[in-house]
Amino acid sequence: MVGTERWPDGRMDEIAIHFYGSHPSQWELPMSLKAKDLLLTRRELVAGGVASSAVLAAGCGPAKLGDRESLTEGEARTLGVICDEIVPGDEFPSATQAGVLDYIDRQLARAYRRHRDAYTEGLEQAERLSRAKFGKTVAELGGAERLETVRAIERENGAFFELVRSHTMEGYYGSPRHGGNRDAVSWRMLGLEEPPVRGRAQFDLRKGSSS
Amino acid sequence: MKQVNAVIVGAGAAGGIVAKELATAGLSVVLLERGKWYTANDCRKDDLRNQRTTVLGNAFGPEDEGNPRVWVDPRGEAHLALASEGSYQNDAACVGGGTLSYGAQAWRYMPQDFRMRSTYGAPQGSSLEDWPISYDDLEPFYEKAEWEIGVSGDYAGTPFHGPRRRDLPMPPLPPGREFALLEPAARRLGLHPFHIPMARNSIPYNGRGPCMRCRWCCGFACEVDAKNGSQNTVIPVALNTGNCELRTECMVKEILTDDRGRARGVAYFDERGHLQEQLSDLVVVSGCATESARLLLNSKSRLFPNGLGNRYDQVGRHLQGHHYTGAVGFFEQDTYDDIGPGATIAVTDYNHGTPGLCGGGMLANEFIRLPIHMVDRLPAATPRWGVGHKKAMRAWHKRTVVIMGPTQQIPTAEGRVTLDPDVRDKWGLPVVRFSGNVHPHTFEIGAVQAERAEAWLKETGAVSTTRMAGKPETVSAGQHQAGTCRMGNDPKGSVVNRFCQIHDVDNAFVIDSSVHVTNGGFNPALTIMALAYYASAELVRNWKGTGYRS
Ligand SMILES: Cc1cc2nc3c(=O)[nH]c(=O)nc-3n(C[C@H](O)[C@H](O)[C@H](O)COP(=O)(O)OP(=O)(O)OC[C@H]3O[C@@H](n4cnc5c(N)ncnc54)[C@H](O)[C@@H]3O)c2cc1C
Ligand code: SF4
C-alpha cells in the first residue's frame, strides 16, 4: 500500500506502508487503515496493489532525487568518497549507489540538523588532510589513497568519523523510505525477502522449515 | 470546567487500567495524556524511527524539540539529553504509553522479588527493601491483567514461577527456528525452558485477530492490532462507559492542593498550550517513574514547599531499570526465520538462588533482529567498516542468536530524579535531572548472567560468542524505569502506602512503575498492570459516592 507521511516540518512524502502479503486473505486492511484514511496515489492505482510495494518503497520520497537539501555539491562529492570506503561496492552496491548520500543530505535538513556544522567542519578537514597528504582533493584520490585518507580521518577526527560511519550504516541498512537502502538492496543482500512475507503466506511457503 | 471525581495523569499501562476500573465503578473520570492517540495509519514500520531504534527520533513521543532532560556523569558534569537519546531514559508519550509499542513480554515477578531484603540482606550502599505487599496480594490481579489485557504463553515447562490459580487465556504462538535450536540445549544444561508469556494475541481474542508474525514488533505499534496494550483494551472500555473523557496532548503542570493539604485537581496545558484547571475529588498520577516524580516535585505549594509527597526527600529516589546483559552467538547454520515477534523462549532458573548473588534475572532470546541492529553486533574480530564489515553482515545476519535478560537491579537512594535548576521544557516547566549510578553489585550479577547466556549459546552449537555486559556510567531507567515514589509503610522511607496513596495527601495516588520497591528480574509491565488493578480495587472499595474515605 502507499500512503503519505507527514514530516515534522509539514511536508508530505509518499511512503510504502508495510502491509504486504501474497494471499488475498491478507489484503484486508486493519480497522483504522481503511482506504478513506489514505491518500491513494495514481501510481498505486495504476500498479493495482500489493505486489508493487517494493518498487514504490525504493526512493519513494520527494520526486527531486538528486537535488540536495543541505549538502553542497562539493561536500556531497567528498562525503560520497568517505561513505563508499565505509560500505564499498562489491557484488552489491556501495553506499552511494544505494542512496546513502540522499539519506544523509535529507536528515541534515531534518532530524540531524544539529549535526550540520559537524559535517561542514569535518568535510573541510578531510579536504585539508587529503591536500596535505597527496596534494589532491578527496574526489581526485585513487583507490589506495582514498582508503588511507579515510583511515587518517578515523585517527585524527574520530568523532566526525563515527558520526559518518553511523549515518552511513543507517542509510545503507535502514528503511528505504528515508532515501538510503534504495530498492531495499541491503535487505536483499542479506537474503531477506522483499517485500517481506507475512501472515499465513509464511506458513504456506515454508511448511516444514520451522519446527 | 466541570469538577469530576477523578483526574488521572497519563494514559499508559497503569493510567488506562485505573481509568477503566474507576469509570466502570461509576466515577466520573478525566484521563489526561501529553501525547497523541495514534491510529494504524501512523504505525509505519520504520527501522530508524521507532520506540527502540530512535536515531531519527521517537515514533511515539516525546519529540526531541522542547522536551530536554539533564543527566549528571560520575564526575559531576551535567549534560543535556534529547528525547531520542539513550541518556534520556525514555519510555513513551502517547495513548497506551509504553504498551503501544512494547515487546509485550508479560511477566509476573516471583514471590522472592517482593522480599529482596529479607531474602538476601541489603548490600552495602544499597537501598534494597521488601515491598509492603506480597506476591499473594497481587496474584488475583496478575490473573485479572492476564485475562483482561490478554496474554498468550505456557508456563508448563518450568517450576520456577509463583503459584497461579489459572492458566493463561491463550496458547503460545507456534515456536520458530530459534526455539527449536535453543530448547533442547537448555534441557541438556538442566534448565527449564518455556514459552515467554506475551500480551499478544495468538488466537482471536477480545474481538481482535491474532499476530501475523511480522519482522517489526518490539518498538513498533502493531498494524493488525494483535499486540495488547492499554490503548486497545482498557481505555476503549473506559470510554464506552460514558464516564471517562480522554484528553490528549494535554501536559499536566502541577497537582493543585487546598489549604488543608488535600488535592483539589490539576493544572495542565491543553493541546493549544493554554493553561487549564481540572478540579476533582481524587488525583491519580500515572506518568511512569521519571515523569511522575517530576510532576510531584513540580507541585510545590505553601504546605508542600519541596513538592507533593516529598516531606522526607523521598520523591525521585531509588530510581532503577534493568541491567541488560547477555551474549551473541554465531552459528554455522541459519538460525533466522523472518517470523516475528522473535523472542519466544526463556529460562527463569537463574532469577534467584545463586550463592553470593542478590537475585539474578530471566534470560530469553531477543526479538527479531533488524539489519541495523547487526551493524555493531558482529563477531569480535570483524572490521568496523569496509568490505570486511559488509561481508560479515552477509555472513552472520541469518546465523546469529542473541540471548539476554533483565538483571534485577540493586537500588540505591542516590540513583534519582530531581528537577534541573536551569533547564526548562517547551511549557516552561523544570525538567528531569538524573544523578547517581547503578550499584556495583548489579554489574557482578549481570556479568554472571552474561556467562550463562554464553554457555547456553555454546551448548546450542554457536561457533563463536561475544558477551554483552557493559557498565554504564549513568543511572539505569529507560523503558523499564521504576522506583522514584517507593511504596512502604514508613512515611520517612517511602512516598506512598501499600495502596499507592501518598502518605500525607489522602486523596492523591501514584499508580504506575514509580511505586516499585524493587523491579524484579523481569520486564515490568504486567506487574505495573496488576498493581493498577489492585490499587484501583482498594480505591473503589473506599469510594463513598462523593469523596474518598481512607
Ligand atoms: C520499545 C519498548 C519495549 C518494551 N518492551 C516491554 C516488554 O516486552 N515487556 C514489558 O513488561 N515492558 C516493556 N516495556 C516497558 C513498558 O512499556 C513500561 O514498563 C510500561 O508501559 C510503564 O507503564 P506506566 O503506566 O508506568 O507508564 P507508561 O506506560 O509510560 O505511561 C505513562 C504515560 O503518562 C504520560 N505522562 C507523563 N507525564 C505526564 C504529564 N505531566 N501530563 C500528561 N501525561 C503525562 C506519558 O506521556 C505516558 O503516555 C517496553 C517499553 C518500550 C518503549
Ligand atoms: S509480530 Fe505480531 S504482534 Fe508484533 S507487530 Fe507484528 S503482527 Fe503485531
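Residue numbers begin at 1 in each chain, while the letters A, B, ... track the order of the sequences. Hydrogens, waters and symmetry mates are skipped; everything else that's a heavy atom, side chains included, is used.
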_A/Arg113 vs B/Asp64, test: salt bridge (Lys or Arg N to Asp or Glu O under 4.0 Å). Steps then yes/no._
CA-CA 12 Å; A/Arg113 268 189 298 261; B/Asp64 276 352; over 6 Å; no
Whatever's closer than 4.5 Å to a heavy atom in chain A on B/Arg208 counts as neither
Per-residue tally against chain B (heavy atom, under 4.5 Å) across A/Met189, A/Met169, A/Glu91, A/Arg165 peaks at A/Arg165
Atom CD of B/Glu249: over 12 foreign heavy atoms under 6.0 Å = yes
Checklist line | Salt bridge present between A/Arg177 and B/Asp47 (N-O < 4.0 angstrom) | finding: no
Side-chain contact test, heavy atoms from C-beta onward, threshold under 4.5 Å: evaluate it for B/Trp216 versus A/Pro196 and give yes or no.
yes
Worksheet item: Does the side chain of A/Tyr103 reach to within under 4.5 Å of the side chain of B/Leu56, using non-hydrogen atoms?
Response: yes
| said: Test your reading of the model: is there a side-chain donor-acceptor pair from A/Tyr112 to the backbone of B/Val55, 3.5 Å cut-off? | reply: yes
Residue from A/Asp84, A/Val87, A/Ile86, A/Thr168 scoring the most non-hydrogen pairs under 4.5 Å with chain B is A/Ile86
Between A/Glu170 and B/Arg49, does at least one N-O distance fall below 4.0 Å, as a salt bridge requires? no
With sequence neighbours left out, the residues meeting side-chain hydrogen bond (donor to acceptor under 3.5 Å, both in side chains) with A/Asp90 are B/Lys390, B/Arg394
- Message: Within a 6.0 Å radius of atom CD on A/Gln125, are there more than 12 heavy atoms belonging to other residues, nucleotides or ligands?
- Response: yes
Checklist entry - Quick one: are B/Val375 and A/Tyr173 in side-chain contact, heavy atoms under 4.5 Å? => result yes
Counting neighbours of NZ on B/Lys391 that are heavy atoms of other residues, nucleotides or ligands and sit closer than 6.0 Å, is the number greater than 12? no
Separation between CG (A/Leu190) and OH (B/Tyr336), nearest 0.5 Å, reads 9.0 Å
Contact list (residues 150-159 of chain A to chain B, heavy-atom gap under 4.5 Å, by number) returns A/Val150, A/Arg151, A/Glu154
Next on the checklist: In the structure I gave you, are the side-chain heavy atoms of A/Leu192 and B/Lys398 within less than 4.5 Å of one another anywhere?
Outcome noted: yes
Whatever's closer than 4.5 Å to a heavy atom in chain A on B/Leu181 counts as neither
If one checks every heavy atom of A/Tyr172 against chain B at 4.5 Å, the contacting part turns out to be side chain
Legend entry - Sub-4.5 Å side-chain heavy-atom contact between B/Leu82 and A/Arg114: yes
Output for pair (A/Ser175 OG, B/Asn50 CG), nearest 0.5 Å, gives 8.5 Å
Honestly, the part of B/Glu178 sitting under 4.5 Å from a heavy atom of chain A is neither
B/Phe60 meets the ring pair (Phe, Tyr, Trp, His ring centres under 6.0 Å) criterion, sequence neighbours left out, with B/Tyr38
Contacts of A/Pro88 meeting side chain to side chain contact (heavy atoms under 4.5 Å, CB included) (sequence neighbours excluded), chain-then-number -> B/Val387
Item to complete: Before giving the answer on side-chain contact (heavy atoms from CB on, under 4.5 Å), spell out for A/His178 and B/Asp46 the whole-Å C-alpha distance, their side-chain angles and the decisive distance to 0.1 Å.
Response: CA-CA 9 Å; A/His178 300 293; B/Asp46 188 329; 2.6 Å; yes
request  = Side-chain contact test, heavy atoms from C-beta onward, threshold under 4.5 Å: evaluate it for A/Trp187 versus B/Arg215 and give yes or no.
outcome  = yes
